[in-house]
Amino acid sequence: MKPTLGDKIFYVINYIALSIISLTCLFPIVHMAALSLSDSHSIMSGHVSIWPKGWTIEAYITLFQGTQILGAFKNSVIITVVGVGLSMLFTIMAAYPLSRKYFYARKTFTLLMVFTMLFGAGMIPSYLVVKSLGLVDTYFAIWFPGLISTYNMLVMKSFFENLPEELEEAARIDGCGEIRLLINIILPLSVPMIATLSLFYGVGYWNMFMNVLIYINETDKYNLSVLVQQMVQSQSVMQELNEVMSEDIQNITPESVKAAGVMVMVIPMLLVYPFLQKYFVKGVLIGSIKG
């Protein structure tokens, strides 16, 4: 059907609004990248906007040599990889039985889980529980409290419910039990949803900040988010960098090192997303539709 004049105006307004929103999201990242790759003279004179001036990678060299960024990067990878694996495992284990119509009390358990979306225990009770379990200063204190996202579990449950029942019936005729049905039939058909939820969990764990501050005391266990935040606000970290800079490198500023730290934290997620993008829209849409 040929679009009307009203449709064209609507599309133009949408394109303009989306373009403005996209630029608003992209500008801070592009500006940080430009700062991290510019020399000190261009940064101090305020000439750096969205394009690097006086190209140099000395900010990244100083960042890796003068800070604990590599250790924090390794901690972030451990937190993210293990956290995503555990969260996906338990999300699937929760969503699958709740998606089966013959599961006893499935509505009761679903309501109990939805209840946690509306009412939480709060920070102090959660900390006391984690402390009583002896998990403080371990990564289990980060993984266990948010092991299952109720929203993600409901999306996964809806996805399972929309799979054809004929597949399940055929598998049962061939002698499949619940475990083989889940592993050999359900999960291979759920790759888009698994990839999408893994991305959700991965971004959450990679950017985790508050839980690390609350539950982790040893500084060598901090992840990138906490280390970069300390670099931005703590004068002691920047004083250590200044000592390195005064002896070896004169062509960078603290601002360029801070920007390099931000980019080191952002780039891994930007690299992962294109590989999962093809599953992203399909997984979210199918999982959100109640058939």
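From a predicted model like this one, the values you see are computed outputs, not experimental measurements.
Considering only residues two or more places apart in sequence or on other chains, Phe160 meets the ring pair (Phe, Tyr, Trp, His ring centres under 6.0 Å) condition with none of them. Not counting sequence neighbours, the partners of Phe73 by the ring pair (Phe, Tyr, Trp, His ring centres under 6.0 Å) test are Trp206. With sequence neighbours excluded, the residues forming a salt bridge (charged side-chain N to carboxylate O under 4.0 Å, His left out) with Lys101 are Glu165, listed by chain and number. The salt bridge (charged side-chain N to carboxylate O under 4.0 Å, His left out) search around Arg180 returns none, not counting sequence neighbours. Shown here are the side chain to side chain donor-acceptor pair (under 3.5 Å) partners of His47, two or more places apart in sequence or in another chain: Ser45.
In this structure, Phe200 CZ and Met88 CE are separated by 11.0 Å, a value rounded to the nearest 0.5 Å.
In the displayed structure, Met44 atom CE is contacted under 6.0 Å by at most 12 heavy atoms of other residues, nucleotides or ligands.
Applying the side chain to side chain donor-acceptor pair (under 3.5 Å) test to every pair with at least one member in residues 69-90, sequence neighbours left out, gives these pairs: Asn75-Tyr139, Ser87-Tyr205.
Side-chain contacts under 4.5 Å among hydrophobic residues (ILVMFWY), followed directly or transitively, place Ile183 together with Ile179. When hydrophobic residues (I, L, V, M, F, W, Y) are linked wherever their side-chain heavy atoms come within less than 4.5 Å, Tyr104 remains an isolated member. Applying the 4.5 Å side-chain rule to ILVMFWY residues, one finds Phe10, Tyr15 in the same cluster as Tyr11. Counting side-chain heavy-atom gaps under 4.5 Å among Ile, Leu, Val, Met, Phe, Trp and Tyr, the cluster of Ile50 also holds Phe27, Val30.
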May I have the list of side-chain donor-acceptor pairs in residues 208-222 shorter than 3.5 Å, sequence neighbours left out?
{"from": "Lys221", "atom 1": "NZ", "to": "Asp137", "atom 2": "O", "distance (Å)": "2.8"}

Only distances under 3.5 Å count here; give the side-chain donor-acceptor pairs of residues 110-119 to other protein atoms, sequence neighbours excluded, each with its distance to 0.1 Å.
{"from": "Thr110", "atom 1": "OG1", "to": "Arg106", "atom 2": "O", "distance (Å)": "2.7"}
{"from": "Thr116", "atom 1": "OG1", "to": "Met113", "atom 2": "O", "distance (Å)": "2.5"}
{"from": "Thr116", "atom 1": "OG1", "to": "Thr150", "atom 2": "OG1", "distance (Å)": "3.1"}

